[in-house]
Each structure stands twice: as structure tokens, then as C-alpha cells.
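Bear in mind that the values here come from a model prediction, so they are computed numbers and not experimental data.
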Amino acid sequence: DAGITQSPRHKVTETGTPVTLRCHQTENHRYMYWYRQDPGHGLRLIHYSYGVKDTDKGEVSDGYSVSRSKTEDFLLTLESATSSQTSVYFCAISDYSGRSGANVLTFGAGSRLTVL
Amino acid sequence: SQQGEEDPQALSIQEGENATMNCSYKTSINNLQWYRQNSGRGLVHLILIRSNEREKHSGRLRVTLDTSKKSSSLLITASRAADTASYFCATPLTGTASKLTFGTGTRLQVTL
């Protein structure tokens, strides 16, 4: 997980409260991603960023927002957490340039969120 | 929606045996990747195979790709207890290589 850290690693919160997860990278990679992992669903893309202030939705973006004001930080916010957002959240980074056609991701260690 | 689907969902073998897991996907791709996830950790990239390749090797790993059947297989030879993990295939979402979609994974247990 060198070069990418997630915080907090564990969080328990109550329904209706806002939650922000942080992903920090030291690799200066252009692309950053947020995935959630749930049993039976594998990893699903929530949002991703292709540069500072440039973000786009993934397949399960409802209820989540993101921000990227600096290259190194990508924040995932749950404005009003619900029990269905209990999950393990993974941040990933990539230096994908488009030229090679292959996008290899490096993942963080994950943030386990429990919404009661 | 998810592109890849691994099979089997779970696999239990003894140390020294070979482990084979499969991935099927739905639409045309230009590459396919395999990742490993140890319990409680993030995913780690193992190997990438491009659509113009049929087979690729990396140490004890052998990956095949059959684009006509839209399937890939990952073979781990001479398995070790340390290979116990979940294995995921990943493919680019249709039309955008910047987004990867993952299957639900194969959970491999290697016993002594």
C-alpha cells in the first residue's frame, strides 16, 4: 500500500450523519478512484477523478459525492449516511495515460465503515 | 453493471496442487487483468494480458485469454499456503479504459 493511504481505516457512525473518507497519494498519479466492496458484489466503482477538480460518476454514485482540490487528495463524502452504505471502501490510483491502453490500479488498504 | 464473473466462487486445494480459476466477461475488451486480495487488505495487481495475446506467464502464474469465448483463466502452479486469498479479474468498462470493473472473485484456500 506504499504511496497511498486511506483514513480513517475504521469508522462507526449513525444513520443520517455526514461522513468523509480521505485518500492521500504520494505518487503524483493523475487518476484516483473510490470503490466499495460488499459480499456477493465484488468491487463497484463509486466515483473517480482524472485530475484536479475533474471527477465523474461510477456505477453506484447515488448518495456519494467527491472532491479533488489537490492532486494528492481525493475525498469521498456521504452527506447523510444510510445503513446500505455500510461497506469497505477502497481508494485506488493509476498513472493511466491512454497511450498504452492499459490501466493498472494500485489500491489502498481500505476503510471499513459501519452505519448503525 | 459488472463485466467479469469469476468461477468457481470458492476453491480449496492442498499445498503443491495447481489452482485454476476462470473469468467470463460480456463485451469486447482490449485487455484483462487479475488481482489478488489477502484478507483485510487492498487488491494487488498480478498480471495483465492484452487482447492480442493468448497466454502469458509470470512466475507461477499462467493466464490465458480466449476473446472468442470472452473468457480468461488464471492458473497458479504448485500452490502455497501464502496463495490463500481472493482473486479478481478486471476489465475496462465498455468505451472507457479509464474505468475498471471487477468480478465478484474466487476465494482460494490452500491448506497444508
Side-chain angles (χ1 to χ4, degrees), chain A residues 1-7 9-10 21 23-25 27 29-51 54-61 88-112, chain B residues 1-10 21 23-53 56 58 63 65 72 85-107:
Chain A
D1 303 338
I4 176 171
T5 55
Q6 294 184 227
S7 60
R9 293 291 315 281
H10 300 273
L21 305 180
C23 178
H24 178 78
Q25 62 147 330
E27 305 297 320
H29 283 175
R30 178 184 174 194
Y31 283 83
M32 298 185 76
Y33 303 82
W34 278 108
Y35 285 88
R36 60 178 290 176
Q37 185 175 33
D38 305 287
H41 290 279
L43 277 86
R44 292 179 292 175
L45 180 63
I46 305 171
H47 281 281
Y48 75 108
S49 169
Y50 48 97
D54 292 323
T55 64
D56 200 358
K57 295 179 180 180
E59 56 186 313
V60 289
S61 59
V88 181
Y89 292 86
F90 286 97
C91 177
I93 62 174
S94 131
D95 62 354
Y96 173 65
S97 65
R99 288 192 297 270
S100 69
N103 186 13
V104 176
L105 304 188
T106 300
F107 281 83
S111 295
R112 182 175 295 276
Chain B
S1 62
Q2 287 171 294
Q3 164 85 296
E5 205 63 44
E6 290 90 348
D7 171 67
Q9 289 188 332
M21 50 206 87
C23 170
S24 59
Y25 57 92
K26 298 173 184 174
T27 62
S28 296
I29 57 173
N30 58 16
N31 67 82
L32 182 144
Q33 302 176 47
W34 285 90
Y35 288 76
R36 182 189 72 228
Q37 183 181 33
N38 291 95
S39 182
R41 305 292 298 273
L43 280 72
V44 174
H45 174 76
L46 292 176
I47 193 167
L48 178 149
I49 186 166
R50 299 184 188 276
S51 58
N52 60 355
E53 299 174 307
K56 197 164 183 180
S58 176
V63 171
L65 180 65
S72 173
S86 292
Y87 293 82
F88 297 85
C89 64
T91 53
L93 276 174
T94 303
T96 170
S98 59
K99 300 184 194 179
L100 282 190
T101 180
F102 290 80
T104 52
T106 292
R107 190 165 56 254

Quick one: what part of Glu6(B) sits under 4.5 Å from any heavy atom of chain A, side chain, backbone, both or neither?
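The answer is neither part of Glu6(B).
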Engaged part of Leu100(B) at the chain A interface, taking heavy atoms whose separation is under 4.5 Å
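For Leu100(B), heavy atoms of backbone and side chain both lie under 4.5 Å from chain A.
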Looking at [X] and [Y], what are the two nearest heavy atoms and their distance?
X        : Y         : answer
Phe90(A) : Gln37(B)  : CZ-NE2, 3.3 Å
Gly40(B) : Arg9(A)   : O-NH2, 4.3 Å
Gly40(A) : Thr104(B) : O-CG2, 3.5 Å
His45(B) : Leu105(A) : CB-O, 4.2 Å

Where on [X] is there a heavy atom nearer than 4.5 Å to chain B: the side chain, the backbone, both, or neither?
X        : answer
Leu45(A) : side chain
Gln37(A) : side chain
Asp38(A) : neither

How long is the gap from NZ on Lys99(B) to OH on Tyr50(A), to the nearest 0.5 Å?
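If I round to the nearest 0.5 Å, the distance is 10.0 Å.
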Between Tyr35(B) and Tyr35(A), does a ring pair (Phe, Tyr, Trp, His ring centres under 6.0 Å) hold up when you go through it step by step?
CA-CA 15 Å; Tyr35(B) 288 76; Tyr35(A) 285 88; 9.4 Å; no
Please test Ser98(B) against Tyr31(A) for side chain to side chain contact (heavy atoms under 4.5 Å, CB included), starting from the C-alpha separation and ending with a verdict.
CA-CA 8 Å; Ser98(B) 59; Tyr31(A) 283 83; 3.4 Å; yes
Got a sec, which residues hit salt bridge (charged side-chain N to carboxylate O under 4.0 Å, His left out) with Asp7(B), two or more places apart in sequence or on another chain?
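Salt bridge (charged side-chain N to carboxylate O under 4.0 Å, His left out) list for Asp7(B), sorted by chain: empty.
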Would a distance-only check, ignoring hydrogens and angles, find a side-chain to backbone donor-acceptor pair under 3.5 Å from Gln33(B) to Asn103(A)?
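Yes: the side chain of Gln33(B) pairs with the backbone of Asn103(A).
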If you tally heavy-atom pairs under 4.5 Å against chain B, which of Asp56(A), Val60(A), Val104(A) wins?
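Among the listed options, the one with the most contacts to chain B is Val104(A).
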Decide if atom CD of Gln9(B) counts as having more than 12 heavy atoms of other residues, nucleotides or ligands within a radius under 6.0 Å.
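Atom CD in Gln9(B) is not packed in, count stays at 12 or less.
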